[in-house]
Amino acid sequence: QELPETVLLKFFRPENTPVPARPTPEQLSNLIKTSLHYPESFNHSFHQNSLCLVPVTLLLSNCSQAVVDVMIDLRHKPTSSEALEIHGSFTWLGQTQYKLQLKGQEVYSLQLKACFVHTGVYNLGTPRVFAKLVDQVTLFETSQQNSMPALIIINNI
């Protein structure tokens with residue numbers, strides 16, 4: 001009885017197979033660029049109306065080519081007493097959390113309203129923005145780097 005011929009199997013992999021690179025935490029914290037647009041100072045008659053409402057635009061720019069899930073949280077308050085002494089406290093009116101999806105390179109404009117009850121200098125840079133790649137399996141979004149303080153002066157007329 002003849003033995004079956006043995007065939008040598010050869011396994012090979014093309015050398016140029018792209019390996020999907022995992023974004024670094026640094027890259028993940030720079031997916032979304034934010035900027036606040038508002039008047040530098042705002043005049044309001046607190047004698048006529050005790051609530052001063054100022055329109056603020058939060059501009060979100062997806063800096064990546066990928067689709068990104070974004071969560072905006074307006075409930076964050078500065079915890080240090082210094083921040084409250086210097087800038088005072090104000091409230092965002094309306095919805096306090098937003099969830100949206102931005103396509104690659106998409107820019108999204110979110111209209112907000114800030115409410116003040118006193119004159120003073122305030123820091124509007126309190127919104128916290130979190131983002132993650134849509135296809136990324138993770139329980140937590142990465143906090144996006146915050147820009148500089150966004151100061152507004154509220155004057156009584």
Side-chain angles (χ1 to χ4, degrees), residues 18-157:
V19 177
R22 270 189 69 88
T24 65
E26 170 82 16
Q27 289 169 321
L28 288 176
S29 68
N30 287 299
L31 288 173
I32 301 295
K33 181 178 169 238
T34 61
S35 60
L36 286 167
H37 298 271
Y38 56 92
E40 280 182 27
S41 65
F42 196 83
N43 296 327
H44 178 78
S45 173
F46 284 96
H47 302 297
Q48 288 181 353
N49 187 348
S50 60
L51 295 180
C52 171
L53 302 181
V54 178
V56 177
T57 301
L58 175 60
L59 214 56
L60 302 154
S61 306
N62 183 352
C63 298
S64 75
Q65 299 294 334
V67 180
V68 175
D69 280 329
V70 181
M71 201 270 283
I72 299 119
D73 188 356
L74 300 177
R75 298 170 303 171
H76 178 66
K77 294 285 178 229
T79 50
S80 84
S81 58
E82 285 175 31
L84 289 176
E85 283 171 29
I86 297 168
H87 306 299
S89 186
F90 72 97
T91 304
W92 292 108
L93 285 191
Q95 195 173 329
T96 57
Q97 283 189 313
Y98 297 84
K99 287 189 180 202
L100 43 114
Q101 203 171 73
L102 295 181
K103 295 180 183 75
Q105 303 293 308
E106 184 179 353
V107 176
Y108 185 83
S109 177
L110 189 61
Q111 302 305 313
L112 305 172
K113 279 224 186 306
C115 178
F116 306 90
V117 292
H118 300 290
T119 61
V121 177
Y122 297 88
N123 180 12
L124 295 176
T126 61
R128 292 194 308 179
V129 178
F130 302 90
K132 75 176 187 65
L133 298 173
V134 165
D135 57 6
Q136 190 181 26
V137 182
T138 180
L139 295 173
F140 304 103
E141 289 97 349
T142 305
S143 180
Q144 300 302 289
Q145 291 190 343
N146 217 344
S147 54
M148 299 299 288
L151 301 180
I152 184 172
I153 301 166
I154 303 297
N155 300 307
N156 189 20
I157 52 167

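Position 1 is the first residue of the sequence; numbering continues from there.
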Of all heavy-atom pairs between [X] and [Y], which one has the smallest distance, and what is that distance?
X: V68; Y: L31; value: CG1-CD1, 4.3 Å
X: C52; Y: F42; value: SG-CD2, 3.6 Å
X: I32; Y: L60; value: CG2-CD2, 3.9 Å
X: V134; Y: Q101; value: CG2-NE2, 3.4 Å
X: I154; Y: H118; value: CG2-O, 3.9 Å
X: A150; Y: G125; value: CB-N, 3.8 Å

Tell me whether H44 contacts the main-chain N or O of V54 through its side chain, where contact means a donor paired with an acceptor under 3.5 Å.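 Not confirmed, H44 side chain does not pair with V54 backbone.
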Between S64 (side chain only) and A66 (backbone N and O only), is there a donor and an acceptor less than 3.5 Å apart?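 Between the backbone of A66 and the side chain of S64 there is a qualifying donor-acceptor contact (under 3.5 Å).
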Report yes if some heavy atom in the side chain of [X] is under 4.5 Å from a heavy atom in the side chain of [Y]; otherwise report no.
X: T57; Y: L36; result: no
X: I157; Y: F46; result: no
X: H47; Y: N156; result: yes
X: I72; Y: L110; result: yes
X: T126; Y: L124; result: no

What's the spacing between [X] [atom1] and [Y] [atom2] if we round to 0.5 Å?
X: D69; Y: K132; atom1: CG; atom2: NZ; result: 4.5 Å
X: Y108; Y: N62; atom1: OH; atom2: CG; result: 14.0 Å
X: C115; Y: L51; atom1: SG; atom2: CG; result: 4.5 Å
X: S61; Y: L102; atom1: OG; atom2: CG; result: 8.5 Å
X: L53; Y: F90; atom1: CG; atom2: CZ; result: 12.5 Å
X: Q95; Y: K113; atom1: CD; atom2: NZ; result: 14.5 Å

Could you go through V67 and L133, starting from their C-alpha distance and side-chain angles, then the distance that decides it, and tell me whether this counts as side chain to side chain contact (heavy atoms under 4.5 Å, CB included)? CA-CA 6 Å; V67 180; L133 298 173; over 6 Å; no
For [X], look at atom [atom1] and say whether over 12 heavy atoms of other residues, nucleotides or ligands are found less than 6.0 Å away.
X: E40; atom1: CD; answer: no
X: H37; atom1: NE2; answer: yes
X: Q111; atom1: CD; answer: yes

Describe, in one word, how the ring planes of F116 and Y122 are oriented to each other, choosing from parallel (under 30°), tilted (30 to 60°) and perpendicular (over 60°). tilted
Where do Y98 and L74 land on the side chain to side chain contact (heavy atoms under 4.5 Å, CB included) test, with the steps shown first? CA-CA 9 Å; Y98 297 84; L74 300 177; 3.9 Å; yes
Taking only residues two or more places apart in sequence or in another chain, which ones pass side-chain contact (heavy atoms from CB on, under 4.5 Å) with S50? none
Looking at residues at least two apart in the chain, or sitting in another chain, which of them share a side-chain hydrogen bond (donor to acceptor under 3.5 Å, both in side chains) with Q105?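 Q105: no side-chain hydrogen bond (donor to acceptor under 3.5 Å, both in side chains) contacts found.
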Does the side chain to side chain contact (heavy atoms under 4.5 Å, CB included) test come out yes or no for N123 and L151, once each step is laid out? CA-CA 4 Å; N123 180 12; L151 301 180; 3.9 Å; yes
For V129 and V70, run side chain to side chain contact (heavy atoms under 4.5 Å, CB included): C-alpha distance rounded to whole Å, both residues' side-chain angles, the deciding distance at 0.1 Å, then the answer. CA-CA 7 Å; V129 178; V70 181; 3.9 Å; yes
